[in-house]
Amino acid sequence: MAGVDVFVSAADASREPPLATANTVLSVLAADYPAGRLACYVSDDGADMLLFEALFETARLARRWVPFCRRHGVEPRAPEPYFARNVDYLRDKVAPSFVKERRAMKREYEEFKVRMNYLAAKTSKVPEEGWLMSDGTPWPGNNSRDHPAMIQVLLGHSADDRDAEGVELPRLFYVSREKKPGFQHHKKAGAMNALLRVSAVLTNGAYVLNLDYDHYVNNSGALREAMCFLMDPEAGNRTCFVQFPLRPAVSAADDQVRQIDMKCLDGIQGPVYVGSGCCFNRKALYGFEPAAAEADDADDLETGRRRWCCFGGSERRKLRLRRNRSVVPLLDSADDDEETVGARRRRLLSYHAALQRHFGHSTLFIASAFKEKGPAAAAMAVAPTPLLKEAIHVVSCAYEERTRWGKEVGWIYGAGAGLATGFRMHARGWASAYCVPARPAFRSYAGASPSDMLAGASRRASAAMGILLSRHCPVWAGGGSMRPLQRLAYVNCVAYPLTSIPLTVYCALSAVCLLTGKFIFPDDVDDYDGFLLVLLLSSVIASVALELKWSGVSLRAWWRAEKLWVVIGTSAGLAAVFQGILRACTGIDVGFSTDTAAAPAVSGQPSEDDDEEEMMPDSMRSVLWTNLLVPPISVLLGNLAGVVVAVSYGMDHGHESWGPLGWKLVFAAWVVAHLQGFLRGLLSRRERAPTIAVLWSVLFVSILSLMWVNTQTYYGPSAPSATHQPI
């Protein structure tokens, strides 16, 4: 089996409970994979001593938890969800020895939780002089924005580091990259690139799996499932990553519906990268082209040689074109067989300088980029100190200066870093795969709260608009190696916030029709036009029914996803459009903060810690998330007011007036049905209900109504119509 390096990203222990990170790490260490080929790297982007101490406790528990999982094959292999299951093992007549060991293991885990809670309570109040380590020296990360790089080998620092049964354990590393004022650290993407370089120096696994702190391994065989794609003799050399679905603790409607898009993309060039639960080919992250693309280029060279021979073309010209398309620098071939020693030396020095401009000034890292297998445990056991010094060097702040990191190498920097990273790989000709095992590979610990969900949707929509208005826009970026349908899929991924504009207009149009007495359809609709309308609606219903049957999504889950789409489209999506345009035109970035930002809640959505607020004080603006609720509440209140006015008009004017009102009421009822659950959820919060959002919505609807009445009065009354109800 090939080597796999697992990256677990954490940013702030005050918002991300270390117990969740510890469970994720334990589930990785206990995965069903050869221990000598598995390494886990935990990125502490906040340099928090609480997480450092928690990982020490986690490494101690792993010596008992890992052999327990291997011996009994338990699932899942994260202690918290495993012991939380209500299973009566005595009733199932399992072996008494397993019941005894399970009770002992649970008792040890409860003691582990007590120690974790003690650490959390001890670090809840930071001393004035800062934290001190056990030897009395100050903690290097007391200033989370200005501290040196820290790397600690927690498991696997020697051959004697084994579990309670004497079996080899996977390696575990704590990594906190260097941070200094005046440098761009690029949030989560920068942390992932730092882990990519550190892991290349220390273990250099051929494949990389990245997980968020709250996404534990739910299926111990997930890594073997990924290797079936990445190590395939035919398709493995052109597969850049294998994406697993991210399943929340409680099944969500949008999670089931999202599978439809990912399965469809799997039939083109592969699914998009969603930010977590993805196993990468390390070569693809470095910018190498797939092996299949090289073979295709060779065929093109043979064809081009025959095509250009009569026009004076040569193979050297074709090689030059291929070199221009390559991201990683290629070594120039000698001009003739009688190359002098000095010329050969100059050619090699020029190539080495090109590699340094691409990968950075680390000879050890550059050498590891061209190796099929890394140093693994042997180099760590023989000379750990030089490797750790080089690992400290590659995570320094200045290492990425004047290199291609974040542009062509590693995770791409900027808005929508995850989506842009996958797009660049597909543009170079790589393909991806979507793996959906019978048992979900990864799960999160808890679902997101409404405020976290809206804030996360706003971040994703804003990132999509950022890509749409940047040089990474899939409309014109990338080469010709990407399939047209795959490019169209990426355009859909980044342009979806624009649909919030017609969606909001559509939802508000029903209220306008009821309040103004007008309708979107003409009065003189003949039978043929009505037949076409019915046929159109029938085709839409039939397509939805076939899609639900093919994907296995229930009708209830589809309806919940529809309501969520309308709420997000009229709130976060609409705000993201104006936010993206404002950022592109003026450079001002508006972010939406949540009221639970300081609470240690576990979010079910991947997020990035904004660790660079001090870098952009003039361009970053923070707005409370409740402002996102004003548009959907306004639309809902307007439709409810229109329904009340229309029903009152119908009751006053008899049954003859109900005919023209029927379609208008159906139109408005469809909008109210999508948003009524959202309003009930807000009102049920009681003491936490965003009253200011409701008041702003009422004021907004009232102002629009008064403006309409004054405008109609100014222009004078029009002739009454039989199909228009006056107000």
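Being a predicted model, the structure only gives us computed values, none of them experimental. Values below: every heavy atom of this structure, side chains too, minus hydrogens, waters and symmetry copies.
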Checklist line | Neighbour count >12 (heavy atoms, 6.0 Å) for atom CZ, R63 | finding: yes

Next item on the list: Decide if atom CZ of F83 counts as having more than 12 heavy atoms of other residues, nucleotides or ligands within a radius under 6.0 Å.
Entry: yes

Note to self: Please determine whether a side-chain nitrogen of the Lys or Arg among R224 and D32 lies less than 4.0 Å from a carboxylate oxygen of the Asp or Glu.
What the structure shows: yes

Check: Do the side chains of E53 and K122 get nearer than 4.5 Å, heavy atoms only?
Finding: no

Next item on the list: Please examine the side chains of Y41 and D5, heavy atoms only from C-beta on, and report whether any two atoms are closer than 4.5 Å.
Entry: yes

Next item on the list: Determine, stepwise, if the pair F52 / W131 fulfils ring-ring contact (aromatic ring centres under 6.0 Å, His included).
Entry: CA-CA 12 Å; F52 182 77; W131 296 110; over 10 Å; no

Note to self: Quick check on the 6.0 Å ring-centre criterion: do F98 and H72 meet it?
What the structure shows: yes

Notebook entry, point to check: Can you check whether Y273 and F280 have ring centres sitting under 6.0 Å from each other?
Noted result: yes

Check: What class does the angle between the rings of F7 and W411 fall in, given that below 30° is parallel, 30 to 60° is tilted and above 60° is perpendicular?
Finding: tilted

Notebook entry, point to check: Do Q152 side-chain atoms and V175 backbone N/O form a donor-acceptor pair below 3.5 Å?
Noted result: no

Got a list of side-chain donor-acceptor pairs under 3.5 Å for residues 22-29, not counting sequence neighbours?
unit_1: N23; atom_1: OD1; unit_2: E80; atom_2: N; d: 2.7
unit_1: N23; atom_1: ND2; unit_2: L19; atom_2: O; d: 2.8
unit_1: N23; atom_1: ND2; unit_2: Y109; atom_2: OH; d: 3.3
unit_1: T24; atom_1: OG1; unit_2: A20; atom_2: O; d: 3.1
unit_1: T24; atom_1: OG1; unit_2: Y213; atom_2: O; d: 2.6
unit_1: T24; atom_1: OG1; unit_2: Y445; atom_2: OH; d: 3.3
unit_1: S27; atom_1: OG; unit_2: N23; atom_2: O; d: 3.4
unit_1: S27; atom_1: OG; unit_2: T24; atom_2: O; d: 2.7
unit_1: S27; atom_1: OG; unit_2: V217; atom_2: N; d: 3.0

Margin query: Going by salt bridge (charged side-chain N to carboxylate O under 4.0 Å, His left out), name the pairs with one or both residues in residues 193-204, residues two or more places apart or in two chains.
Written below: R197-E400

